[in-house]
Amino acid sequence: MNWTTAVSMLAMLLWVGTVKVDAAAAAETAFAPATLTTAAESREMIWNAVAVDRGRIFVAGPRWTGSKGPALALIDAHGTARPYPSVGWNGWTPGADDRTAFVNVNAIHLDGRGGLWAVDTGSPEFGGDPLPDAAKLARVDLATDTVDRVIPLGPKAALPGSYIDDIRFNGDHAYLTDAGRPGLIVLDLRDGSTRRVLEGHSSTTATPGRDIFLDGEALRGPDGTLVHVHSDPLEVSPDGRWLYYGPLEGPWSRVETRYLDDAALSPDELAAKVEPWADLPPVGGTAMDANGDLYFTDLAANALRKRAADGAVTTLLVSPDLHWGDAPFIDAKRVLWLPAPQIDRAAMFNGGVSRIRWPVKLFRLPLEIKR
């Protein structure tokens, strides 16, 4: 998200915060009717990402929103959001070792192999360049609650102005979007090597005229210019064949993962493999179900919608509580978790005055059981 001006990031505090949480939310085995309920809430932490593993709820959020909690936290059964995996990893301050602490976490995701990955943009200022050695991926072993792998996103992956946004996994590879410098990053999980692809391609670049609206107003940066976000959401098809992706504002494209994984293809050859996929509105986040259904948050409508594999779109919920619903997550028990961080109400978009309506909430929605 390379916006035209930057906002200074608040120094990260060593913190343990208390939130209200439904302790049974993650452990529930019976599905209630399809009703949105509050799973957790906070008056300090502003989370835009969630992952749930075996009853444990993980949340994360970037510092520049004004969040006063850890970069990555575990919400325990007692309602306490604790720095995860340690205080040290959440204790970054200017001048600290950028390689062993979270500078700015924008996304978290499970790899299906017992690991939780945090995407660290590496920039203490929103819109700023990543610090040397700061942009990285950190994998936490969920069995030991320790970081067991760090993959640096060096200057060939995280460019000046990059905002490494999100990640998805597919076998021995993972794919990342860059919302600041339009393009994708292909990661070889076997050796940690990275390649930038589709650099500046139309499928990764925000289109002028497709603006982000919330409450009827176009989102503007601190200098009053319209905000445009390049390659941001992405999903891998359940069979691993396709990567679906696009700018936050849409539209979405798709490309076969076998072509992404082929380092021998030239930029032009790879670009020729890209196909249009779905003309979706600006989204806060997405999650793909095992049957190919895509759940997405429609920012302009405060809505949660579902795009079926055949392209049909249905609306599941419309509510002011879903204002800037961000990255949803579907857990093993088919519960959809949805953070609502109210990103556009952060101080940087409102003349330096936060308009966040506390508490910030994490919602859950049981999905239909697949027969």
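When reading the values below, keep in mind they use all heavy atoms of this one structure, side chains included, and skip hydrogens, waters and symmetry mates. Note that the structure is predicted; figures quoted are calculated from it, not measured.
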Here's a test for you: under salt bridge (charged side-chain N to carboxylate O under 4.0 Å, His left out), which of R149, R139, R168 qualifies with D111?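 When R149, R139, R168 are each tested with D111, the salt bridge (charged side-chain N to carboxylate O under 4.0 Å, His left out) holds only for R139.
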Can the positive tip of R43 be found less than 6.0 Å from the middle of the six-membered ring of W358, inside 45° of the ring normal?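 No, R43 and W358 do not form such a contact.
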T194 and its side chain to side chain contact (heavy atoms under 4.5 Å, CB included) partner, picked from I185, L176, D188: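 Of the listed residues I185, L176, D188, the side chain to side chain contact (heavy atoms under 4.5 Å, CB included) partner of T194 is I185.
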Check whether any side-chain heavy atom of [X] lies under 4.5 Å from a side-chain heavy atom of [Y], and answer yes or no.
X	Y	value
F102	N104	no
P341	D326	yes
L365	V335	no
V59	L362	yes
W242	V236	no
L299	P281	no
L280	F296	yes
L153	I164	yes

Answer yes if the side chains of [X] and [Y] hold a donor-acceptor pair under 3.5 Å, and no otherwise.
X	Y	value
Y175	D166	no
D239	S237	yes
N90	W92	no
S162	R181	no
T121	S123	no
H230	D165	no
S231	D178	no
D344	W324	no
Y245	S203	yes

Let's go through K68 and E44 carefully: what are the C-alpha distance in whole Å and the side-chain angles of both, what is the deciding distance for salt bridge (charged side-chain N to carboxylate O under 4.0 Å, His left out) to 0.1 Å, and is it a yes or a no? CA-CA 5 Å; K68 297 180 180 179; E44 292 121 344; over 6 Å; no
Hydrophobic cluster identity match, [X] and [Y], side-chain contacts under 4.5 Å:
X	Y	result
I330	L317	yes
M288	L338	no
L184	L189	no
V313	L294	yes
L110	I57	yes

Ionic contact status for [Y] with [X], cut-off 4.0 Å:
X	Y	answer
R254	E275	yes
D215	R345	yes
R210	D279	yes
R307	D293	no
D289	R334	yes
D133	R99	no

Counting only N and O atoms by type, is there a donor-acceptor contact under 3.5 Å from the side chain of [X] to the main-chain atoms of [Y]?
X	Y	answer
T204	H201	yes
T257	G240	yes
T297	G325	yes
R63	G69	yes
K136	A101	yes
D76	T80	yes

Anything under 30° is parallel, anything over 60° is perpendicular, the rest tilted; go ahead and classify H109 against F329.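 It falls in the perpendicular class, over 60°.
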According to the interplanar angle, ranging from 0 to 90°, do the rings of W277 and W252 count as parallel (below 30°), tilted (30 to 60°) or perpendicular (above 60°)?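 It falls in the tilted class, 30° to 60°.
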With rounding to the nearest 0.5 angstrom, report the [atom1] to [atom2] distance, [X] to [Y].
X	Y	atom1	atom2	answer
N302	H323	CG	NE2	6.0 Å
R241	E256	CZ	CD	4.0 Å
L198	L270	CG	CG	4.5 Å
K156	S193	NZ	OG	11.5 Å
T65	F349	OG1	CZ	10.0 Å
I167	F169	CD1	CZ	3.5 Å

Indicate the atoms forming the closest heavy-atom contact of [X] with [Y], along with that distance.
X	Y	result
P62	N106	CG-OD1, 4.3 Å
V229	A206	O-CB, 3.6 Å
V227	E249	O-OE2, 3.9 Å
L336	P328	CD2-CB, 4.0 Å
L322	L304	CD1-N, 4.0 Å
R113	G171	NH2-O, 2.9 Å

Rest of the hydrophobic cluster containing V353 (Ile/Leu/Val/Met/Phe/Trp/Tyr, side-chain heavy atoms under 4.5 Å)?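 Cluster partners of V353: none, it stands alone.
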Restricting to side-chain contact (heavy atoms from CB on, under 4.5 Å), what partner residues turn up for L74, sequence neighbours left out?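 For L74 the side-chain contact (heavy atoms from CB on, under 4.5 Å) partners, ignoring immediate neighbours, are R56, F58, Y84.
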Would one find more than 12 heavy atoms of other residues, nucleotides or ligands at under 6.0 Å from atom CZ of R195?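 Atom CZ in R195 is crowded, with more than 12 foreign heavy atoms closer than 6.0 Å.
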H228/D211 under side-chain contact (heavy atoms from CB on, under 4.5 Å): CA gap, chis, key distance, verdict: CA-CA 7 Å; H228 291 115; D211 300 326; 3.1 Å; yes
Could you walk me through whether F363 and T38 satisfy the side-chain contact (heavy atoms from CB on, under 4.5 Å) test, starting with their C-alpha distance in whole Å, then the side-chain angles of each, then the deciding distance to 0.1 Å, before giving a yes or no? CA-CA 5 Å; F363 298 103; T38 300; 3.6 Å; yes
When you look at D148 and V140, which way does the side-chain contact (heavy atoms from CB on, under 4.5 Å) test go after all the steps? CA-CA 6 Å; D148 65 357; V140 183; over 6 Å; no
Begin from the C-alpha positions of I108 and V119 and carry the test side-chain contact (heavy atoms from CB on, under 4.5 Å) through to its verdict. CA-CA 6 Å; I108 54 177; V119 179; over 6 Å; no
